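Sending over a structure as structure tokens; questions will come in a sec.
To find a chain, count down the sequence lines: A is the first, B the second, and so on, and within it residues start at 1. All values below come from the heavy atoms of this structure, side chains included, with hydrogens, waters and symmetry mates left out. Note that this is a predicted model, so its numbers are computed, not measured.
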There are 2 protein chains.
Amino acid sequence: MTTPDSRPRRFAEFLAQSGLKSTRQRERIARTFFAAGAHLSAEELHRQIRRKDPGIGLVTVYRTLRLLRQAGLALEQQFGDAYARFDPNPVDWTHHHLICTRCGRIREFRDADLHALFRKVAQTSGFTVTEHKLELYGVCRACARPERPQARRRRPA
Amino acid sequence: MTTPDSRPRRFAEFLAQSGLKSTRQRERIARTFFAAGAHLSAEELHRQIRRKDPGIGLVTVYRTLRLLRQAGLALEQQFGDAYARFDPNPVDWTHHHLICTRCGRIREFRDADLHALFRKVAQTSGFTVTEHKLELYGVCRACARPERPQARRRRPA
DNA sequence: CAGGATATTGACATTCATTTTCATTATGGA
DNA sequence: TCCATAATGAAAATGAATGTCAATATCCTG
């Protein structure tokens with residue numbers, strides 16, 4: 001018994017409320033995005049969309065991703081990479097990252113107590129906080145022993 | 001009665017332990033960086049350094065900023081901007097950001113309770129956490145009433 | 001349901017922060 | 001002092017992201 005995905009409807013409502021139009025491209029981009037995994041780049045998303053609809057341009061993917069962000073349906077992540085990654089699934093928005101400033105390695109973690117505090121800050125501020133991003137910087141065990149630091153990769157494998 | 005700044009010494013030790021050399025350029029870049037304010041871009045830092053030592057190139061500033069990051073003496077921040085900002089002062093590493101996903105506005109906040117939790121995570125993980133970065137995404141009061149969303153600026157004024 | 005004001009699209013060109021390259025120079029240990 | 005090796009800087013390259021603009025699609029209005 002699966003709950004229906006409300007994201008397509010929420011996106012349509014966002015467009016309508018904002019005076020924007022619903023187009024074939026926006027719908028296909030959104031649908032493909034919602035079905036994708038985490039940490040997706042605009043290029044990767046575009047490649048997937050091309051398989052179904054070769055006519056859609058990368059530029060429109062960028063534009064639609066911005067709309068999805070404004071609708072609260074996409075989270076943009078900036079890791080050490082040169083490009084931005086996008087996460088469609090709110091479940092993935094709740095884990096955080098430990099980043100080694102020596103080797104650049106990234107590890108994920110999750111902490112329930114943090115969420116209560118986030119809610120507190122959300123209330124205190126005038127913001128309606130939808131999601132959050134936490135990164136802890138430090139030195140990982142491997143890099144703790146003094147030795148030559150590794151250069152940071154420009155892009156992932 | 002001011003405490004002496006340990007950062008120049010810590011940077012020198014980092015270079016020595018890593019088998020790297022201490023140069024006139026690295027020393028001047030580090031010194032200028034430590035004396036600078038928060039949210040400094042590489043270009044801005046380079047401009048300041050040029051006034052004292054016109055021969056130093058922007059490329060070396062980039063390279064030295066990476067070393068400072070690896071030494072735990074610089075925090076790189078990626079806001080919505082096209083470029084990275086660097087913070088030399090650990091005091092500035094402790095405030096966080098509320099980011100509106102509609103208009104892109106950024107507001108700062110500070111919360112003491114969060115720091116205790118960060119320390120807990122630091123202990124649990126194998127990491128020696130030096131600093132942290134927290135961003136809460138949501139909709140600010142101004143954008144809460146439904147209307148045409150604003151485009152995100154590419155660069156600040 | 002047709003017409004038309006207006007939003008959207010996509011190909012191309014452009015921007016611009018950051019990184020590579022590589023020949024020259026400087027560092028620091030033997 | 002010598003010299004292997006690291007560091008520098010200028011120029012060129014890279015590459016993600018955005019602006020431009022003519023052609024097209026949407027959807028509100030009558």
Open item on the list: Using whole Å, what does the distance between atom P of nucleotide dC27(D) and atom CG of Leu15(A) come to?
Closed with: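 Nearest whole value for this atom pair: 9 Å.
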TODO: Find which nucleotide of DNA chain D each of Lys21(B) and Val61(B) is nearest to by heavy atoms, and output the residue with the more 5' nucleotide.
DONE: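 It is Lys21(B), whose closest nucleotide lies nearer the 5' terminus.
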- [ ] Using atom CG of Leu20(A) as one end and atom C1' of dT9(C) as the other, report the distance to the nearest whole Å.
- [x]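 Distance check: Leu20(A) CG to dT9(C) C1' gives 14 Å.
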Task: Carboxylate-amine/guanidinium proximity below 4.0 Å for Glu13(A) and Arg9(A) - done: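 Salt bridge present between Glu13(A) and Arg9(A).
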- [ ] Give the rounded distance in Å between these two atoms: CG of Asp53(A) and P of dT9(C).
- [x]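 Nearest whole value for this atom pair: 12 Å.
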- [ ] Return the value, rounded to whole Å, for the distance between atom CZ of Arg24(B) and atom C1' of dA7(D).
- [x]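 That distance rounds to 11 Å.
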Task: Plane angle bin for Phe118(B) and His96(B) - parallel if under 30°, tilted between 30 and 60°, otherwise perpendicular - done: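 His96(B) and Phe118(B): perpendicular rings.
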Open item on the list: Taking Ile56(A)'s backbone N and O only, do any of them form a donor-acceptor pair with His46(A)'s side chain (distance below 3.5 Å, no angle check)?
Closed with: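 It does hold such a pair.
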TODO: Mind calculating the distance between CD1 (Ile56(A)) and P (dT8(C)) to the nearest angstrom?
DONE: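 Result: 15 Å.
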- [ ] For Leu58(A), report the nucleic acid contact type (base, sugar-phosphate, nothing); a contact means any heavy atom under 4.0 Å.
- [x]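 If one applies the 4.0 Å heavy-atom cut-off, Leu58(A) turns out to touch nothing in the nucleic acid.
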Open item on the list: Counting the atoms with a prime plus P, OP1 and OP2 as sugar-phosphate, which does Ser41(A) contact under 4.0 Å by heavy atoms, base, sugar-phosphate, or nothing?
Closed with: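 No contact.
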TODO: Fit a plane to each ring of His95(A) and His97(A), take the angle between them on a 0 to 90° scale, and name the class: parallel (under 30°), tilted (30 to 60°) or perpendicular (over 60°).
DONE: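 Perpendicular: the ring planes of His95(A) and His97(A) meet at over 60°.
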Open item on the list: If you compare every side-chain N and O of Gln25(A) against the phosphate oxygens of dG10(C) (OP1, OP2), does one of them come in below 4.0 Å?
Closed with: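 Indeed, a polar side-chain atom of Gln25(A) lies that close.
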Open item on the list: How bent is the helix from dC1(C)-dG30(D) to dA30(C)-dT1(D), measuring the angle between the end axes built from five pairs each, rounded to 10°?
Closed with: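 Answer for the end axes of this duplex: 40°.
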TODO: Measure the distance from CD on Glu43(B) to C1' on dT19(C) and round it to the nearest whole Å.
DONE: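 Taking atom C1' of dT19(C) as the reference, CD of Glu43(B) is at 14 Å.
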- [ ] Treat each ILVMFWY residue as a node, draw an edge where side-chain heavy atoms are under 4.5 Å apart, and state whether Leu40(B) and Val59(B) are in one component.
- [x]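 No: no chain of side-chain contacts under 4.5 Å links Leu40(B) to Val59(B).
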- [ ] Between dG9(D), dA11(C), dA26(C), spot the one nearest the side chain of Thr60(B), thanks.
- [x]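 Nearest to the side chain of Thr60(B) among the choices is dG9(D).
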- [ ] Could you work out which one of dA17(D), dT18(D), dG9(D) sits closest to the side chain of Arg66(A)?
- [x]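 When the side chain of Arg66(A) is considered, dT18(D) is the closest of dA17(D), dT18(D), dG9(D).
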Task: Side chains of Phe109(A) and Val121(B) in contact at under 4.5 Å (non-hydrogen atoms) - done: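 Yes. Closest side-chain heavy atoms under 4.5 Å.
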Task: Same cluster (ILVMFWY, side-chain, under 4.5 Å), Leu15(B) and Val61(B) - done: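 Yes, Leu15(B) connects to Val61(B) through the hydrophobic network.
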TODO: Go through dG28(C), dC27(D), dG9(D) for me and flag the one nearest to the Arg63(B) side chain.
DONE: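 The closest nucleotide is dG9(D).
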Open item on the list: Without decimals, in angstroms, what is the distance between Tyr83(A) OH and dG15(D) P?
Closed with: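 Rounded to the whole Å, the gap is 11 Å.
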Task: Atom-pair distance (OH on Tyr62(B); P on dA12(D)), nearest Å - done: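 Rounded to whole Å, this separation is 18 Å.
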- [ ] Look at the side chain of Arg26(A) and decide which nucleotide, out of dA7(C), dA7(D), dT9(C), has an atom nearest to it.
- [x]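 Between dA7(C), dA7(D), dT9(C), the one nearest the side chain of Arg26(A) would be dT9(C).
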Open item on the list: Taking only side-chain N and O atoms of Thr23(A), does any of them lie within less than 4.0 angstrom of OP1 or OP2 on dT8(C)?
Closed with: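 Answer is no, no contact under 4.0 Å.
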